[in-house]
Amino acid sequence: GQNIDQPTEMTATEGAIVQINCTYQTSGFNGLFWYQQHAGEAPTFLSYNVLDGLEEKGRFSSFLSRSKGYSYLLLKELQMKDSASYLCAVENFNKFYFGSGTKLNVKP
Amino acid sequence: EAGVAQSPRYKIIEKRQSVAFWCNPISGHATLYWYQQILGQGPKLLIQFQNNGVVDDSQLPKDRFSAERLKGVDSTLKIQPAKLEDSAVYLCASSRTSGSQDTQYFGPGTRLTVL
């Protein structure tokens, strides 16, 4: 089976940095995606990692370690609009498996 | 470029009734996905099409769910008859191909409530 784990909920302060972790155990691996989903809206693409290391995109960065089955999403200079759920998804032979998502609450 | 379109946005039905959802992917996208997202969970793939052929429907409850993409463009997902546990958001997504590294773009979803 495919197992993808994320913390259920996190709280952080505006202007701070937060790291959202994702661990996975899957029968295969072709890449890992991070999506942002605001309440009542569709997921939107944030980042993609296929090789080990850090991918940086503005305030958001994503890290992957394939040997450890581990990824994290790093959000810097948090803004109130970053309050949302963050979904980790593993691609395995063109099939996508999503974690349950981490709900991030940003407070003033 | 226009995004993925879905309709209706909301639907309320009673158990044992039938319901259908429609999805129009981004123009030129060959791959289309239907996901079920139950409140508090991540999306679960129901069915994946490559053009008008089914690539994966292993998690589709085929006794009550059906989907088609006859002309390789838009798609419909049907539930007949609906059960209480089918209450969820049904998301449609598309990508250019089904190859690795190809980002999926999601539609706004249809929120289904079964009473």
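Labels below follow one simple rule: chain letters A, B, ... track the order of the sequence lines, proteins then strands, and each chain is numbered from 1.
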Hey, quick one: are [X] and [Y] part of the same hydrophobic cluster, counting side-chain heavy atoms closer than 4.5 Å, chains of contacts allowed?
{"X": "B:Phe106", "Y": "A:Trp34", "value": "no"}
{"X": "A:Val50", "Y": "A:Leu32", "value": "no"}
{"X": "B:Val89", "Y": "B:Val19", "value": "no"}
{"X": "B:Leu46", "Y": "B:Trp22", "value": "no"}
{"X": "A:Phe29", "Y": "A:Leu73", "value": "yes"}

For the [atom1] atom on [X], are there more than 12 heavy atoms of other groups (residues, nucleotides or ligands in this structure) within a distance under 6.0 Å?
{"X": "B:Lys71", "atom1": "NZ", "value": "no"}
{"X": "A:Lys57", "atom1": "NZ", "value": "yes"}
{"X": "A:Arg66", "atom1": "CZ", "value": "yes"}

Filtered by a 4.5 Å non-hydrogen cutoff, the part of residues 40-47 of chain A contacting chain B is A:Gly40, A:Ala42, A:Pro43, A:Phe45

For B:Glu14, the side chain to side chain contact (heavy atoms under 4.5 Å, CB included) test, sequence neighbours excluded, returns B:Gln17

Cut-off 4.5 Å, heavy atoms of chain A, and the answer for B:Pro108 is backbone

Honestly, the part of A:Gln37 sitting under 4.5 Å from a heavy atom of chain B is side chain

Among residues 76-85 of chain B, those lying within the under-4.5 Å heavy-atom range of chain A are none

Expected contact set for residues 35-42 of chain B against chain A at heavy-atom separation under 4.5 Å reads B:Tyr35, B:Gln37, B:Gly40, B:Gln41, B:Gly42

OH of A:Tyr97 to CG of B:Leu45, rounded to nearest 0.5 Å, is 8.0 Å

### Task
Mind running side-chain contact (heavy atoms from CB on, under 4.5 Å) on B:Asp56 and A:Phe96 for me, showing each step along the way?
CA-CA 11 Å; B:Asp56 180 16; A:Phe96 292 80; over 6 Å; no

